[in-house]
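Notes for the one structure printed next.
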Amino acid sequence: MITNDREFRAALDGLDARQQRLAAVRFVEDVLPLCTDERINRAMVVAADGGASTTALADALKSVKAATIDCHARCGAEGDWEAQAGYFVARAAIAALTPLGQLPGGSAWQAAMSCRMAQTSKSIVSGENSGELETERQYAILSAYMNS
Amino acid sequence: MTASLERGLHAFKEQIDAPVASFFSSCVRCGLCAEACLFFTETGDPSYTPIHKLEPLRRVWKQEYTFWGRLAKAVGLSKPVTDTELAQWETLVYDSCTLCGRCSMVCPVGNDIAYMIRRMREGMAAAGHAPEGLIGATTRAVTIGSPMGVKLPALLAQIGHTEKDIGMKIPVDVAGADYMLLLSSMEIMNFPEFIGAVAKIFSKAGVSWTISSEAFEATNSGIQIGVSEIAAQLVQRIVDAAEKLKVKSVISPECGHAYMAIRWEGPNLIGKPYNFKVVHILELLDDLRKQGRLKTSGKETQRLTYHDPCQIARRGGVVDQPRNLINMVAENFVEMPETGTMNWCCGAGGGVSANERADELRLAAFKRKKKQLDVVRPDALVSACSNCRIQLEDGLEENNMDIPVLSLTETIAEHLVDD
């Protein structure tokens, strides 16, 4: 069982590109309710398919990039942290679909970070410390994935 | 005459200082400023000619401060500026001008047209003719401390997350640090990884720094909307925090207008010099490079180009520094046509991005950047302003151009030499 970020990162570093994507999808699925954009749901279905073609993955990536641009905070507009949680979920989806080697720390690590940021955004609204809980859940998710 | 119009016209008169008066009297109506404005070039609408945007201010100048204008006014031969007219001009002054200053660069008689637009916005705001979005942003900047309403707990939450991500402590309220880092709300909300990038770079370079919990916001909506009293109040907050923490320098982050506000407008707004320096993050990173304290490894092989944020390059003269930094980490850096001090604006500066009414025009103006990008066809676009970054992403998406937009500071951080 993974219990800290050092073990978490080490475990992620040991995964190949396909495994990183599949692990990242599981992280994103855990925070999907924070995002209302249907494109993210649909893209994660594609990403969760271990046999998805390169074209299908590229199309899904294009779709989540468009979703991310649609939901970022607008400069000067009143910040809505609940909406911002959705933005970070969309960014996590981008990370999940980005080919390995193009993101610092790896796709799955970046997806995990954005998912935690989504929970942090939610916690700014609620005052609960849900970001910490997400980290713990990610340890469990990855442990389960490694053992599956 | 309504009270608001009277206030506005009074403010116009107050804003007509010696430079404004001399600029109006020396304008030769050549129209060169039109060709320098992306709102004109991308729409062909002559009302977007920069000098035309100043017409109500010009009429007040003529009627109040010239012999023939005063005579014409006295005998009832001049056309007074009306409230209806100011309402019509609101979109010209706020929606179709990013204060980018390119028009000022081409004026053959040296008129600083962007400076005049800034002056005119003071009168427009006083007359009650400013966009809702900017009014909201300015109100939040005054009452909350951030135009986007970002409060300290939110910043601390983002800092906490970043600390876990990068495995190092982000210094907050450290008295006696050399540098105090400011942030834009856009970085806190959309790009919190910027904080981590700075922390990693400073840790490697041995920079002593801190963030202030009392003044972390870099941006200044008072300047964008045109209310100098508010702009001065926002600058003073930063000055108070810097003095309290006894820092030697304040760092302006990856935000164009924030740099213009704190570096160039600030001392004039508060009426006294700072007892600390102000540097843009790219200036500091380039200084660290020169001192051998910024070490990178590996180079991006993809074709990179750089978008100069107007207030950083044209207003601030920070042109060579980003290129020095990019060349540290890029094998294949290409320049777009017309860069540096003659760059084309992204289309969203000067408060345009905060003004929803201007969205269609903002994206039309992006076509100028598209034309520049079409010439060099980069794999990625690097910049150093969060507002530009969002506008570039919006514009690229709108035009089906698959070009990632990168922060220069974050790109440098990704190439830091490992211990």
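Just so you know, these numbers come straight off a predicted model, no measurement behind them. Proteins come first, then strands; the chains are lettered A, B, ... in the order of their sequence lines, and each starts at number 1.
For the pair A:K65 and B:D402, the salt-bridge criterion is met [side-chain N within less than 4.0 Å of a carboxylate O]. Taking a cutoff of 4.0 Å between a charged side-chain nitrogen and a carboxylate oxygen, A:R74 and B:D394 do not qualify as a salt bridge.
Taking each heavy atom of B:R140 and A:A77 in turn, the nearest pair found is NH2-C, 3.6 Å. Pairing each heavy atom of A:M117 with each of B:P192, the nearest pair is CE-CG, 3.3 Å. In terms of heavy atoms, A:R9 sits closest to B:D165 at NH1-O, 3.5 Å. Closest of all the heavy-atom pairs between B:I390 and A:H72 is CG2-CE1, 3.0 Å. Shown here for B:N190 and A:Q84, the closest heavy-atom pair between the two residues is OD1-NE2, 2.8 Å.
Between chain A and the options B:G149, B:A154, B:A137, heavy-atom pairs under 4.5 Å are most frequent for B:A154. Interface remark: of the candidates B:A348, B:S185, B:A157, B:G167, B:A157 forms the most heavy-atom pairs closer than 4.5 Å to chain A. Among the candidates B:E393, B:E356, B:H161, B:E410, the residue making the largest number of heavy-atom pairs closer than 4.5 Å to chain A is B:H161.
The shortest distance between side-chain heavy atoms of A:M113 and B:E193 does not fall below 4.5 Å. At least one side-chain heavy atom of A:W81 sits less than 4.5 Å from a side-chain heavy atom of B:M189.
Counting heavy atoms of neighbouring residues, nucleotides and ligands inside a 6.0 Å radius, atom CD of A:E82 does not exceed 12 of them. Around the NZ atom of B:K299, the shell of radius 6.0 Å holds more than 12 heavy atoms that belong to other residues, nucleotides or ligands.
For a residue to count as touching a neighbouring chain, one of its non-hydrogen atoms must lie under 4.5 Å from one of that chain's; by this rule A:A66 touches chain B with backbone and side chain alike. Using a 4.5 Å cut-off between heavy atoms, A:D70 makes no contact with chain B at all. Contact annotation for A:R91: only side-chain heavy atoms (C-beta onward) come within less than 4.5 Å of a heavy atom of chain B. Proximity to chain B (any heavy atom under 4.5 Å) is shown, for A:E78, by both the backbone and the side chain.
In this structure, the separation between OG1 on A:T135 and NZ on B:K164 is 6.5 Å, given to the nearest 0.5 Å.
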